[in-house]
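As structure tokens, the structure follows; a few thoughts come after it.
Lettering follows sequence order; numbering is per chain, from 1. All values reported here derive from a predicted model rather than from experimental measurement.
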Amino acid sequence: MNPDPTTAATVASVAPVSAVVSETVAAPYIQGLADDALVYAQRLGEWISRAPQIEEDMALANVGLDLLGQARVLLTRVGELDGTGRTEDDLAYFRDEREFRNVHLVEQERAGFGFEMARLLTFASYQCELYAALRRSSDPVLAGVAEKALKEVTYHRDHATQWVLRLGDGTEESHRRMQEGLEAVAPYVAELFDDDETARAAAEAGVGVLPSTLRDAALGHVTAVVEEATLTEPGAPRWRSRGGRAGIHSRPMGYLLAEMQHIARSHPGASW
Amino acid sequence: MTEAAPVVKSAVAQAISDIPDPEVPVVTIEDLGILRHLEVDESNRRVSVTITPTYSGCPAMEAIEHRVVHEAVRHGYTCSVETRLSPAWTTDWMSERGRVRLREFGIAPPERGAGARGSGPVALSLQVRQVACPQCGSTDTEELARFGSTACKALRRCRACREPFDQFKAI
């Protein structure tokens, strides 16, 4: 199975860097999307052996694996575009907290299963609209990832949808805990749809899409599911998260990075 | 680029086409539609291969890439492997032979038409599709888990013969 390392064989990578996209516009935008996927993949992996049933261990691990795959291609692209030549591993393991551009929703600690399904429903609904729009990105790699990943995140959204329906329209106890999950997620929802300078520049260049334009469709799906599940849409939260895309994170982020990065940092250059 | 690799093949092309999928070894990468393009440049002893992942995070891709290079080198060629994401892989690219082999192995092949279905609205129901049991052929089957032993499979059970089985998810 192992290729002979002494041969002249080469393994080429993905598409060439387009001249249209500049390092100041495309790279930081794609980094935000990559970090969302990477950090949520890490959180979902924590469910393995902790989910209510073994099939759900597999499901959440598989959702995380899809997101990790998306993050790997996107991070590789960031390293190509930003001129630093960093690899996906450099970017995942050797950046500090302030250099991560993910939203707060994905970095929050693993809580109850109701919280996770509310988070997954929200995030997957957002990603469905995001990737559907990004299939038309002027960046060929981002467009390729979007086309591929849209099928995956549609499946994630469907999975979360089924659980929210089952729990919301289930027993009194499951209904209560699913409702609590929705309430706990609510303060982190608005940040997904914030337009910042990075997103505006990327949208203008045809690389990205304005997050605010995704809001109605994404939350429309969430609302439909919540109603069907006999749950109540949470009212306007008393506070809301912000700052993730600028590198300002909440308390759980540092702990997450410590766990995710410590082996790579303890043994720099190690491979297996 | 939905056409299969050339029909008349040199030894190296045949060897690469016949590489088994690391996770479902009864089918080849050609059967699965992972192998998108294969070109042999005899004068320069060089092979160019394009592969596409089934899922973004498919852990088998690196193993497949290494195996392609290995087969090329074994036959005395240098090799370049390009991983292409677009157009996105769909189970509609799976060959008829691949479907038969999956069924014989006990894995229900994916339904056709997944590529055309696209990303339309998701039905708010728990059971939508009819899948035949690969053991007894009954369509009286139920889904046990939407995510199975690998990213590309779901787990089902036959109500007629009571056997559980993997189903290749249609995407």
Side-chain angles (χ1 to χ4, degrees), chain A residues 1-4 6-15 37 41 53-74 128 131-132 135 140-141 143-159 161-162 165-166 221 224-225 228-229, chain B residues 22 46-50 52-59 61-63 65-74 77-90 114-115 117-126 128 143-155 169-171:
Chain A
M1 205 62 171
N2 292 324
D4 184 353
T6 62
T7 63
T10 60
V11 175
S13 182
V14 283
Q53 57 192 39
I54 194 168
E55 290 82 359
E56 202 53 30
D57 283 347
M58 301 291 298
L60 294 177
N62 269 301
V63 173
L65 187 62
D66 287 341
L67 293 177
L68 187 62
Q70 296 162 20
R72 289 186 61 185
V73 180
L74 293 175
C128 281
Y131 285 139
R135 286 178 297 175
V141 175
V145 169
E147 188 192 340
K148 174 100 219 118
L150 180 58
K151 296 181 179 204
E152 297 161 3
V153 300
T154 303
Y155 204 79
H156 304 169
R157 184 180 68 173
D158 197 24
H159 184 70
T161 296
Q162 295 191 10
L165 290 176
R166 184 175 301 180
H221 179 82
V225 174
E228 172 95 13
Chain B
R46 187 169 180 76
V47 184
S48 310
V49 172
T50 304
T52 190
T54 55
Y55 285 78
S56 295
C58 178
M61 284 312 283
E62 280 169 33
E65 200 170 285
H66 287 154
R67 185 68 189 272
V68 168
V69 173
H70 174 77
E71 289 298 336
V73 169
R74 202 164 64 81
Y77 293 77
T78 58
C79 180
S80 66
V81 181
E82 187 192 344
T83 300
R84 190 174 295 166
L85 295 175
S86 181
W89 181 82
T90 159
R117 195 162 55 233
S119 59
V122 176
L124 297 182
S125 66
L126 294 178
V128 279
E143 186 175 79
L144 292 180
R146 306 185 69 244
F147 294 83
S149 53
T150 65
C152 51
K153 286 179 289 186
L155 186 64
K169 297 190 294 207
I171 67 165

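Put simply, of C58(B), S56(B), P59(B), A154(B), the one with the most heavy-atom pairs under 4.5 Å next to chain A is S56(B). When G144(A), G64(A), A41(A), A59(A) are compared by the number of non-hydrogen pairs under 4.5 Å with chain B, A59(A) comes out ahead. Comparing M58(A), H159(A), Q70(A) by heavy-atom pairs within less than 4.5 Å of chain B, the highest count is held by H159(A).
Residue T150(B) touches chain A through its backbone alone, counting heavy-atom pairs closer than 4.5 Å. Neither the backbone nor the side chain of L68(A) comes within less than 4.5 Å of any heavy atom in chain B. If you measure heavy-atom distances from T54(B) to chain A, the contacts under 4.5 Å come from the backbone alone.
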Open item on the list: Determine whether S86(B) and K148(A) satisfy the following criterion, side-chain contact (heavy atoms from CB on, under 4.5 Å), listing intermediate values before the conclusion.
Closed with: CA-CA 7 Å; S86(B) 181; K148(A) 174 100 219 118; over 6 Å; no
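The two residues Y155(A) and K169(B) come nearest to each other via the heavy atoms OH-CD, 3.0 Å.
Residues R146(B) and E55(A) have side chains not in contact (no heavy-atom distance under 4.5 Å, counting atoms from C-beta outward). Looking only at side-chain heavy atoms (C-beta outward), T90(B) and K151(A) come within less than 4.5 Å of each other. Contact check for E56(A) versus F147(B): no side-chain heavy atoms found under the 4.5 Å cut-off.
Using a 4.0 Å cut-off between charged nitrogen and carboxylate oxygen, R72(A) and E62(B) count as a salt-bridge pair.
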